[in-house]
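In what follows, every chain begins at residue 1, and chains take the letters A, B, ... in the order their sequences are listed.
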There are 4 protein chains.
Amino acid sequence: MKTSTFEKLPEQKQIRILDASAGVFAQKGYFQAGIAEICQAAGISNGALYKYFQNKKGLYLVVAQRTLSLLREQENTFPMGNESIWIVLPEIFEAVSPFLKEYKDYMVVYMDMGSPSMGEFALELSSTFEKWSFDLFCRIAETAMAKGEIKNDLSIEDVAYFMDNHLLLYTFSCLSEHYNRRFNQFLAKGADRLSNREKIERVMDSFRQFLI
Amino acid sequence: MKTSTFEKLPEQKQIRILDASAGVFAQKGYFQAGIAEICQAAGISNGALYKYFQNKKGLYLVVAQRTLSLLREQENTFPMGNESIWIVLPEIFEAVSPFLKEYKDYMVVYMDMGSPSMGEFALELSSTFEKWSFDLFCRIAETAMAKGEIKNDLSIEDVAYFMDNHLLLYTFSCLSEHYNRRFNQFLAKGADRLSNREKIERVMDSFRQFLI
Amino acid sequence: MKTSTFEKLPEQKQIRILDASAGVFAQKGYFQAGIAEICQAAGISNGALYKYFQNKKGLYLVVAQRTLSLLREQENTFPMGNESIWIVLPEIFEAVSPFLKEYKDYMVVYMDMGSPSMGEFALELSSTFEKWSFDLFCRIAETAMAKGEIKNDLSIEDVAYFMDNHLLLYTFSCLSEHYNRRFNQFLAKGADRLSNREKIERVMDSFRQFLI
Amino acid sequence: MKTSTFEKLPEQKQIRILDASAGVFAQKGYFQAGIAEICQAAGISNGALYKYFQNKKGLYLVVAQRTLSLLREQENTFPMGNESIWIVLPEIFEAVSPFLKEYKDYMVVYMDMGSPSMGEFALELSSTFEKWSFDLFCRIAETAMAKGEIKNDLSIEDVAYFMDNHLLLYTFSCLSEHYNRRFNQFLAKGADRLSNREKIERVMDSFRQFLI
DNA sequence: GATGAATGAGGCTTCATTCAT
DNA sequence: TATGAATGAAGCCTCATTCAT
C-alpha cells in the first residue's frame, strides 16, 4: 500500500504547506502563483514540493481537496435539529463567517475554481460541494415549510436556490472587492464598509421579506 | 491631444482585433493567453499590438471596456416603457441570451474580472456595469410595485438584488460549466442540458413565486 | 510554403550557430551540453534558439544533418577516376584528415551518434552515411581488382569492409584519445604521438600487406 | 587501511548492485542514468549508495572495473595451447558471444567509455583492456605464423590489428543497432538479422581470405 | 506605421548529493 | 550502518516586450 510521501508527513506540516499554498494561490491565482514563492511561504525546499506532489497542478488539487474537507467539517457544526429556520439561517451565515476569515485563502481558491479561465481544472471537485449545499438548503426549506415557518406555496428547490444564491454572493462579497461593492450597492445603500454581522442582518431581512 | 494609434484604425479592424483578443482571453484566461496567439488570431503582427496598446494589460483593459460598451448598447434595446414586469423581465433575460451567445467571449472576460485571482485589475471597470444593472432593476421593481404587479411590502433594493442575483447566476450558468451544473441541480432537478429558454422559464417561475 | 525561421537566416549565421553547437556537443556530449552554453558560443540569445529549433533535440538533429551534408560534400572531392588504388586510398585518407581537423566537432558528434547511450536518437541519419561509405569502398575494390592491382581471390565486400574498418578506426583515433592509444599500440609500437600522415603511412602499409 | 564500505558487503550483494548499475548505465548512458533508478534497481537505499561509493562517477568507475575483471576472467577460458589459429579464432569469437549476452550491460558500458562524450572519464581503465587484447592477438598471430598457418610476409602487429578490428566491430554489432546495420551491409548483403554464429562465420571467411 | 526576429528574465521541474533519524 | 526525505543548483523552455529594418 503506497501512501504518498506527503501523507506521511506530520499532519501539522501538511497543513502548514497547504495553508501556505492556499495563501499564494489565493493572492495570485493559480497561474501567477510561483512554485518558488509557495515553497518559501511553506518553509520547504523547491525539491521537497515535488516529492510531495506530482507537480503544480497536483498541489493545487490537494489544496482544493482540503477546501472541500474543511467545508464538510464546517457542515457538521451547523445546527440541524428542529430549530426554527430563523435561527438556523443566521447561524449558518454566522458559522460561515469566521470560517471565511480563518480559511479565506481556501475559499478564494474555491471561488476561483468556478471561473472560466480555470477551465475544467477542478470541475468535479467543486461540484462536490455544490451538491452538499443543495442538500442542506433543501432540507432547511422543507423543514421550515413543514413547520409553517415559511410560505407553503413555494417550490422547495426554488427556495433553496434563493437561499444558496444569497449565501454564495454573501461569501463572494467577503472574498472579492468586486462582489463586496455589489453587495453594498444593493443592500446597504452603497455604504462603504459593512461588518459581516451587518451584512448578515441585511440578508436575513431579505429572507424574511420573501419567505414569510 | 494624442489619440491612441489604435483609435485611428478603421473601426472594423479595431473590432476584429478586440474580438480576437476577447476570444483568446475567454478561452485561456488572462494569464494563460499568449500575445503571440492573440496576434495571430487578430491577424496583426506582434509589434503592431504594442503600437496599439501599451502592453498586455492595456489590451485587456480595452477589451474589458468594449465589454461594457456592448452591455450598454444592449441596455438600450431593453424595453423601458410601461410594460408589465412580467413582460419586461423575460425580455431582459431573453435579450441577454443572444448577447451571451454573440459576445460570449466578452462576457467570459467580464466574468473573470470578478474573480479574486484577477486582483484589483479591472475593479473600477467592472463596477461601472454593476451600477447600471442596479439602476435597471430598481427601476423595474419600483414601477412594478407602483402598478401593483408585485407585492408592496418588499424593499425595492431587495427585490432588485433578488432579480440581479438571478440574472447574474443565469449568466454564469451560460458561461461556466461549474455554474451551469449548479443551476441545473437547483432548478432543473439535475437535468443535464437545458436550453436557455427553458432556463429562463424556470427563473421566471421563481420570480412569480417570490414576488407576487 | 513555410520555411523555418532558421533557414531564413543568412547562411553565414546559420553556419556560425551550427558550428558553435557542434563544438559544445562534441566537447560535452549531447546530454551534458547546455543550451545556455551553446547560445553563448553561438552568440545568440537563449530565446532565439527556440525560434530556430523546436528544442534541444531538434537542434541536435540539424547539427547531425549538417555533418552528413559535409561528409557528402567531401565525397565529391575524392578522386574517382581510374587512378590506381594505391593513389586513391591515400588520397581518401588524406582528404579525410583535414576534414577531421576542420570539422572535428561535427565528426565527434557523428561518432557519438553510434554510441549506445544515444539510443535510437539519430539512427536513420547515421545509417545514411554508412551506405555511402559502403558504396565507395566497393567501387574502389572492384576497380582495383579489375585492374589487377589487388589479389583477385578476395570478396569485394570483404575488402571493402577491411578498408572501411581501417578508415573508421583511423577516424576514431583522430577523434578520441581512447582510439588514438589503441591505434598507436597496434600500429606504432605504442608511440605516443603520431602525425596523421604517419598514421596513414602505417595504414597503407597494412593495406599493401593484405591486399597484394 | 581503509577498505571501502562496498568491499565489505557480501559479494553477492556487491554483484547485485553492480549488475543493476550496469543495467541502468547501459540502457540510458552515464549521464541519463539516475541515481534513484539505479538504487531502486539495486534494491538499496539512496543513502547507501553514497556510503558505498564516493559519488556517481565513483560508482561508474567500479562498474567499469568489473567490466574489466569479467573480460579478464573470460580471457582465461580462451584456448591458449598450440591449437591451430583456425580453431582458436572462432573459439574466441564464440567465447565472446555468450559473454556479450550475459554481460551485455557491462559491455555496453565499456563501449560507451570510448565515446568522446565521456571525455577522459575512464581512459586509463579502458586502455587496460586494449593492452590485453593487443597481447592476445599478437600471440595468436605469432604462433600461427610460426606454424605456417598464415602467410609469413605479414607484420605481426598488423595482423593483430586486423583481427582486433574485426573482433571490436563484431562486438559493436552485437551491442549497437548502428554497428549491427553496418556489419550486415558489408558482410551480409544487407540482411536484416544475422545470428551471432552466422556473423562469426562471415568474419572467419574474411580471415581466411586475407591471412592465408 | 508595420513587421517579426531577438531578447532574457523567470517559470517549472529534475536530480546528484547530504543529513537527520 | 541504513534509510529516504530534504536540499537547491541548474536545466530546458516560454513569453511579454523591444527594436532594427
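For F:dT14, the paired base is E:dA9 (Watson-Crick or G-U wobble, both distances below 3.5 Å). Pair assignment for F:dT21: E:dA2, on the basis of Watson-Crick or G-U wobble contacts that are both within less than 3.5 Å.
Side-chain proximity of D:Ser45 to E:dA2, E:dA5, F:dA2: nearest is F:dA2. Each of F:dC13, E:dA6, F:dA2 was ranked by its minimum atom distance to the side chain of D:Lys51; first place goes to F:dA2.
Going from atom CG of B:Asn55 over to atom P of F:dC19 covers 15 Å, rounded to whole Å. E:dA16 atom P lies 15 Å from atom OH of D:Tyr60, rounded to whole Å. Taking atom CZ of residue A:Phe6 and atom P of nucleotide F:dA5, one finds them 14 Å apart after rounding to whole Å. Atom NZ of D:Lys56 and atom P of E:dT18 are 14 Å apart (whole Å). Atom CG in C:Leu59 sits about 10 Å away from atom P in F:dC13, given to the nearest Å. Across the protein-nucleic acid pair, A:Ile44 atom CD1 and F:dG4 atom C1' stand 16 Å apart, rounded to whole Å. To the nearest angstrom, C1' of E:dA9 lies 10 Å from CG of C:Asn46. A:Leu49 has its CG atom 11 Å from the P atom of E:dT14, to the nearest Å.
The aromatic rings of C:His178 and D:Tyr110 lie perpendicular to each other, with more than 60° between the two planes, well past the 30° mark. Between C:Phe25 and C:Tyr60, the ring planes lie perpendicular to each other; the angle is over 60°, past the 30° to 60° tilted range.
Here the CD1-CD1 distance, from A:Ile38 to A:Ile17, works out to 11.0 Å after rounding to the nearest 0.5 Å. Note that the CE atom of B:Met113 and the CG atom of B:Leu68 stand 6.0 Å from one another [nearest 0.5 Å].
Defined by atom type and a distance below 3.5 Å, a donor-acceptor pair is present between the side-chain atoms of A:Asp19 and A:Tyr106.
Here D:Phe53 lies out of heavy-atom contact (under 4.0 Å) with every strand. Residue contacts for B:Ile35: at a heavy-atom cut-off of 4.0 Å it reaches a base atom on one of the strands shown. Using a 4.0 Å heavy-atom cutoff across all strands shown, A:Gly47 reaches at least one base atom of the nucleic acid.
When the side-chain nitrogen and oxygen atoms of A:Tyr50 are compared with OP1 and OP2 of E:dT14, none of them lie within a distance under 4.0 Å. Regarding contacts with the backbone of F:dA5, a side-chain N or O of A:Lys8 is found under 4.0 angstrom from either OP1 or OP2. An OP1 or OP2 oxygen of E:dA2 is reached within less than 4.0 angstrom by a side-chain nitrogen or oxygen of B:Tyr52.
Residue C:Lys13 is the one, among C:Lys13 and A:Phe31, whose nearest nucleotide of DNA chain E lies closer to the 5' end (criterion: closest heavy atom). Closest-nucleotide positions on DNA chain F for A:Ala48 and B:Ala36 were compared, and the one nearer the 5' end corresponds to A:Ala48.
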